[in-house]
Asker: 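One structure is given below, represented as structure tokens, and several questions about it will come after.
Given the structure is predicted, the values throughout are model-derived calculations rather than measurements. Quick note: numbers below take in every heavy atom, side chains included, and nothing from hydrogens, waters or symmetry partners. Counting starts at 1 for both ligands and their atoms, in listed order.
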Amino acid sequence: MKNILITGGAGFIGSHVVRLFVNTYPNYNIFNLDALTYAGNLENITDIADASNYTFIKGDIKDIGFINSLFQKHQFDRVIHLAAESHVDRSITNPNAFIETNVLGTANLLNAFRDLWLGNFDDKLFYHVSTDEVYGSLGKTGLFVETTPYDPQSPYAASKAASDHIVRSFGNTYQMPFVISNCSNNYGANQFPEKLIPLFIHNIKNNKPLPVYGDGNYTRDWLYVEDHAKAIDLIFHKGKVTETYNIGGFNEWTNLNLIHLLCEQLDKKLDQPKGTAAKLITYVKDRAGHDRRYAIDATKLSEELGWKPSVTFEEGLSKTVDWYLENSVWLNNVTSGTYKKYYKKMYG
Ligand code: NAD
Ligand code: TYD
């Protein structure tokens, strides 16, 4: 039996990773550590809550004493670290929360892992889950490769870049086995409705304005969350130690093109006249320091490990819309209370 710690497993991507590991690997003990911030939600993983190879631990990676004793108690052989503050807009209003969790929290986990295994790292691994935003913003052409120099532009991206550097420094200094993956924008079930796709689905459902930042011609490279989880599984088992893998589906969309596709799908699924949802598009003030374009070159992952996405964007988006339409209880629960205050502050 291996003891595997997954951090942030009650969040969007983490919940898909935890589910995949609990269901696929009955011989692993999966420990899910999550502080249950506004973005963490145990309702994301009710289906595996009673699995015999699964334990949930509520706790904060910022709490160094707690983290050290947790590692000593459970002797984690391997870590998959996803816990983070993850929303760019929130990093603009409160950068310190990002530095505390993403930088110091990651350092706490690294220190605890090093203290536990230093001198015998055989078959141990610290897998750090990161983002393509560390590479900065692209012009009209070009793609991010694993060797693209870091050039983070938002406090979120800078905090993730710092954490990537600290992970590599522990590999170099203490010979700690690590692997890092940098993924493009994810979408799918269970994403908190402050990110573009779930926010816009929620607003279309409720006949509320769709706030498009700036001219709407910003480009993102979208990947279905279950394909990200499968890539993490593959890298965790087959990735080369100390390597970095970029994950992305060669799937670039300008925000406006994506929003129009989403509007068309929702018009059909809600059985309303074509063009109804698009009438809600409202141009609002741009995000400060808004990155123009992200695009990932995932050739290394596909050529070395044979990974490829399982769904087209149209299919993945349609499944995502269906999930949000079918899970109104989940959506109502997460959009009550503190989220309402955040929404008011952002959009009035
Ligand atoms: P999320 O915000 O949905 O979930 C983050 C989870 O971490 C939540 O469950 C939250 O409760 C938990 N958490 C936050 N602070 C914590 C703390 N101090 N201690 C313990 N737990 C804490 O984020 P996500 O979109 O699922 O992203 C997960 C990871 O993947 C992050 O590291 C993010 O940088 C990375 N990533 C995200 C995307 C994306 O498009 N969402 C793309 C590439 C990489
Ligand atoms: P987001 O989902 O926040 O992801 P990221 O900033 O990490 O790429 O935003 C995706 C794109 O959508 C980004 O260019 C900002 C834009 N956007 C809007 O135009 N309006 C919104 O209300 C939000 C949340 C995002």
Asker: Of the protein's non-hydrogen atoms, which lies at the shortest distance from atom 8 (O) of ligand 2, and what is that distance?
Answerer: R220 NE, 2.6 Å

Asker: Identify the closest protein heavy atom to atom 1 (P) of ligand 1: which residue and atom is it, and at what distance?
Answerer: S86 OG, 3.5 Å

Asker: What's the shortest distance from atom 5 (C) of ligand 1 to any protein heavy atom, and which residue and atom give it?
Answerer: A84 O, 3.4 Å

Asker: Would you mind telling me if ligand 2 is within reach of the side chain of R287, the backbone, both or neither, using heavy atoms under 4.0 Å?
Answerer: side chain

Asker: Counting heavy atoms only, which part of L196 comes closer than 4.0 Å to ligand 2: side chain, backbone, both or neither?
Answerer: both

Asker: How far is atom 3 (O) of ligand 1 from its nearest protein heavy atom, and which residue and atom name does that atom have?
Answerer: F12 N, 3.1 Å

Asker: With rounding to the nearest 0.5 Å, note down the distance linking CG in N246 to CG in L301.
Answerer: 9.0 Å

Asker: Just need the protein heavy atom nearest to atom 7 (O) of ligand 2, so name the residue and atom and give the distance.
Answerer: E133 OE2, 2.6 Å

Asker: Begin with the C-alpha distance, continue with both residues' side-chain angles, and end with the deciding distance and a verdict on salt bridge (Lys or Arg N to Asp or Glu O under 4.0 Å) for D267 and K274.
Answerer: CA-CA 6 Å; D267 281 345; K274 206 169 171 225; over 6 Å; no

Asker: Can you tell which part of L199 has a heavy atom less than 4.0 Å from ligand 2: side chain, backbone, both or neither?
Answerer: side chain

Asker: Between atom CG of L5 and atom CG of N29, what is the distance when rounded to the nearest 0.5 Å?
Answerer: 12.0 Å

Asker: Parallel under 30°, tilted from 30 to 60°, perpendicular over 60°: which one fits the rings of H74 and F31?
Answerer: tilted

Asker: Identify whether the distance between the nearest side-chain nitrogen and carboxylate oxygen of D123 and R78 falls below 4.0 Å.
Answerer: yes

Asker: On the 0 to 90° scale, with breaks at 30° and 60°, tag the F144-Y294 ring pair as parallel, tilted or perpendicular.
Answerer: tilted

Asker: Considering non-hydrogen atoms of the protein only, which is the closest contact for atom 42 (C) of ligand 1, and what is the distance?
Answerer: S184 O, 3.3 Å

Asker: Just distances here: any N/O of E194 and N/O of ligand 2 closer than 3.5 Å?
Answerer: no

Asker: Give the residue and atom name of whichever protein heavy atom lies nearest to atom 12 (O) of ligand 2, and the separation in Å to one decimal.
Answerer: N255 ND2, 3.4 Å

Asker: Looking only at distances, please establish whether an N/O atom of ligand 1 is found under 3.5 Å from an N/O atom of A83.
Answerer: no

Asker: Measuring from H202:NE2 to L325:CG, what's the distance to the nearest 0.5 Å?
Answerer: 12.0 Å

Asker: Has ligand 1 got any nitrogen or oxygen that is less than 3.5 angstrom from a nitrogen or oxygen of Y38?
Answerer: no

Asker: Report the residue from Y324, W330, Y38 that forms a ring pair (Phe, Tyr, Trp, His ring centres under 6.0 Å) with F192.
Answerer: Y38

Asker: Could you list the residues that satisfy side chain to side chain contact (heavy atoms under 4.5 Å, CB included) with K279, not counting sequence neighbours?
Answerer: none

Asker: Taking atom types as modelled, find out whether N32 and Y54 have a side-chain donor-acceptor pair closer than 3.5 angstrom.
Answerer: yes

Asker: Are Y224 and T320 side-chain neighbours, meaning at least one heavy-atom pair lies under 4.5 Å?
Answerer: yes

Asker: Heavy atoms only: which of G8, S130, G248 lies closest to atom 44 (C) of ligand 1?
Answerer: S130

Asker: Is there any N or O on N186 that sits under 3.5 Å from an N or O of ligand 1?
Answerer: yes

Asker: Identify the closest protein heavy atom to atom 29 (C) of ligand 1: which residue and atom is it, and at what distance?
Answerer: L82 O, 3.2 Å

Asker: Under 3.5 Å, N or O to N or O, is N185 touching ligand 1 that way?
Answerer: no

Asker: How far is atom 13 (C) of ligand 2 from the closest protein heavy atom, and which atom is that?
Answerer: H290 NE2, 3.4 Å

Asker: If you measure from the Lys or Arg side-chain nitrogens to the Asp or Glu carboxylate oxygens, is any gap between E304 and K238 under 4.0 Å?
Answerer: no

Asker: In terms of atom number and element, which parts of ligand 2 are under 4.0 angstrom from non-hydrogen atoms of Y218?
Answerer: 14 (O)

Asker: Do the ring planes of Y25 and H237 sit parallel (below 30°), tilted (30 to 60°) or perpendicular (above 60°)?
Answerer: tilted

Asker: Which is closest to atom 43 (C) of ligand 1 by heavy-atom distance: G40, S181, C183?
Answerer: C183

Asker: Could you tell me whether N185 approaches ligand 2 through its side chain, its backbone, both or neither, with non-hydrogen atoms closer than 4.0 Å?
Answerer: side chain

Asker: Under a 4.0 angstrom heavy-atom cut-off, which atoms of ligand 2 come close to H87?
Answerer: 3 (O)

Asker: Just to confirm my output: which protein heavy-atom neighbour is closest to atom 22 (O) of ligand 2, and how far is it?
Answerer: Y347 OH, 2.7 Å

Asker: Look at atom 27 (O) of ligand 1 and say which protein heavy atom is nearest, naming residue and atom and giving the distance to 0.1 Å.
Answerer: I13 CD1, 3.8 Å

Asker: Of all the atoms in ligand 2, which lie at a distance below 4.0 Å from a heavy atom belonging to V88?
Answerer: 6 (O), 7 (O)

Asker: Between R287 and D89, does at least one N-O distance fall below 4.0 Å, as a salt bridge requires?
Answerer: yes

Asker: Give me the residue, atom name and distance of the protein heavy atom closest to atom 19 (N) of ligand 1.
Answerer: I61 N, 3.0 Å

Asker: My understanding is that we take every heavy atom of each candidate and find the minimum distance to atom 35 (C) of ligand 1. Doing that for W222, Y294, Y156, which one comes out nearest?
Answerer: Y156

Asker: Compare Y294, Y213, F200 and give the one whose heavy atom is closest to atom 25 (C) of ligand 2.
Answerer: Y213

Asker: Is there any N or O on P211 that sits under 3.5 Å from an N or O of ligand 2?
Answerer: yes

Asker: Considering only the protein, which heavy-atom contact is closest to atom 8 (C) of ligand 1, and what is its distance?
Answerer: D34 OD2, 3.6 Å

Asker: Give yes or no for whether the N/O distance cutoff of 3.5 Å, strictly under, is met between T101 and ligand 1.
Answerer: yes

Asker: For ligand 2, which atoms sit closer than 4.0 Å to a heavy atom of V212?
Answerer: 19 (O)

Asker: With respect to L33, determine whether any N or O atom, backbone or side chain, lies less than 3.5 Å from an N or O atom of ligand 1.
Answerer: no

Asker: In terms of the angle between their ring planes, are F12 and H16 parallel, tilted or perpendicular, with boundaries placed at 30° and 60°?
Answerer: perpendicular

Asker: Hey, can you tell me if H290 and Y213 have their rings parallel, tilted or perpendicular (30° and 60° cut-offs)?
Answerer: perpendicular

